[in-house]
Amino acid sequence: MTALDIGWLSGVLEGDGWFGSYQPDRVRHSTRPVVRLTMADRDVVERFARLVGVSCSGPFSVRKDNHRPMHSAAVSGSRAVGVMMTVYSLMGERRKARIKELITQWRNK
């Protein structure tokens with residue numbers, strides 16, 4: 001990934017990304033960190049997906065008639081932690097705090 005790619009990735013995730021976690025159904029005491037991008041612009045989601053090595057899903061419709069179809073891509077587990085660590089220094093304070101929280105949870109599990 002180039003410096004330009006990292007800058008682009010951090011910008012799109014700062015604006016429209018989601019940093020979170022989920023608990024797999026079969027693993028009671030484990031959570032997996034997730035980085036997700038969901039938006040109407042398929043080309044943006046596809047670029048994110050290419051950069052993090054996942055596929056893009058969609059289009060899927062939303063419940064309101066005046067909204068455009070959405071596209072989504074997500075990376076989880078250690079790959080999500082890698083993305084978080086890559087963009088960390090370029091993120092705002094709120095996102096940095098969330099990334100720290102998720103990585104700490106992941107390391108402690």
Side-chain angles (χ1 to χ4, degrees):
M1 201 177 309
T2 68
L4 184 63
D5 290 335
I6 294 169
W8 180 88
L9 185 61
S10 63
V12 76
L13 289 175
E14 182 70 54
D16 290 311
W18 179 77
F19 296 88
S21 63
Y22 76 96
Q23 184 176 1
D25 292 336
R26 297 182 187 143
V27 185
R28 288 183 173 255
H29 302 292
S30 177
T31 59
R32 292 183 59 114
V34 178
V35 178
R36 174 175 288 123
L37 180 66
T38 302
M39 62 187 337
D41 300 312
R42 183 175 181 87
D43 61 321
V44 175
V45 177
E46 285 177 338
R47 183 174 178 186
F48 165 77
R50 276 193 310 274
L51 289 173
V52 301
V54 297
S55 59
C56 177
S57 62
F60 54 91
S61 59
V62 292
R63 294 187 179 128
K64 298 181 181 177
D65 291 335
N66 61 341
H67 288 159
R68 297 185 298 171
M70 302 297 280
H71 305 275
S72 185
V75 60
S76 64
S78 59
R79 290 171 60 192
V81 170
V83 171
M84 292 178 196
M85 293 172 74
T86 299
V87 300
Y88 179 82
S89 66
L90 299 170
M91 304 307 281
E93 294 305 315
R94 181 174 59 91
R95 299 280 192 189
K96 282 182 177 179
R98 181 64 172 151
I99 289 169
K100 277 184 184 179
E101 175 187 347
L102 291 166
I103 291 175
T104 299
Q105 288 173 1
W106 176 73
R107 284 184 175 153
N108 290 334
K109 295 294 176 177

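It should be emphasised that the depicted structure is a prediction, and the values quoted were computed from it without experimental measurement. Both backbone and side-chain heavy atoms feed into the values below; hydrogens, waters and symmetry mates do not.
- By the 4.5 Å heavy-atom criterion applied to side chains, Phe19 and Ile103 are not counted as neighbours.
- With contacts defined as side-chain heavy-atom distances shorter than 4.5 Å, the pair Val44/Met39 qualifies.
- Scanning both residues, Arg42 and Pro59, for their nearest heavy atoms gives NH1-N, 4.3 Å.
- Residues passing the salt bridge (Lys or Arg N to Asp or Glu O under 4.0 Å) test with Asp16, sequence neighbours excluded: none.
- The heavy-atom pair separating Ser55 from Ala73 by the smallest distance is O-CB, 3.6 Å.
- Residues that satisfy the salt bridge (Lys or Arg N to Asp or Glu O under 4.0 Å) test with Arg36, not counting sequence neighbours, are absent from this structure.
- With sequence neighbours left out, Ala97 forms a side chain to side chain contact (heavy atoms under 4.5 Å, CB included) with no residue at all.
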Would you mind writing out the side-chain donor-acceptor pairs for residues 74-91 within the sub-3.5 Å range, not counting sequence neighbours?
| residue | atom | partner | partner atom | Å |
| --- | --- | --- | --- | --- |
| Ser76 | OG | Arg32 | NH2 | 3.3 |
| Arg79 | NH2 | Val52 | O | 2.9 |
| Arg79 | NH2 | Gly53 | O | 2.5 |
| Thr86 | OG1 | Gly82 | O | 2.7 |

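- Hydrophobic clustering (side-chain heavy atoms under 4.5 Å, transitive across Ile, Leu, Val, Met, Phe, Trp, Tyr) groups Leu102 together with Leu37.
- Looking at Leu9 and Phe48, their side chains come closer than 4.5 Å, going by heavy atoms from C-beta outward.
- Applying the salt bridge (charged side-chain N to carboxylate O under 4.0 Å, His left out) definition to pairs two or more places apart or across chains, those involving residues 96-106 are Arg98-Glu101.
- Val45 and Val54 fall within the same hydrophobic cluster, where Ile, Leu, Val, Met, Phe, Trp and Tyr residues are linked whenever their side-chain heavy atoms come under 4.5 Å apart, directly or through other members.
- A search for side chain to side chain donor-acceptor pair (under 3.5 Å) contacts involving Glu14 returns nothing, not counting sequence neighbours.
- Hydrophobic clustering (side-chain heavy atoms under 4.5 Å, transitive across Ile, Leu, Val, Met, Phe, Trp, Tyr) groups Met1 together with Val12.
- Closest heavy-atom contact between Gly58 and His71: C-ND1, 3.8 Å.
- Note that OG1 of Thr31 is 9.5 Å distant from CG of Asn108, once rounded to the nearest 0.5 Å.
- Taking the side chain to side chain donor-acceptor pair (under 3.5 Å) definition, one finds that Thr38 meets it with Ser72, sequence neighbours left out.
- For the atom pair CD (Glu46) and CG (Asp41), the distance works out to 11.0 Å, reported to the nearest 0.5 Å.
- Under the 4.5 Å side-chain contact rule for hydrophobic residues, Ile6 and Leu51 share a cluster.
- Under the salt bridge (charged side-chain N to carboxylate O under 4.0 Å, His left out) criterion, the residue pairs touching residues 2-11 are Asp5-Arg47, with sequence neighbours excluded.
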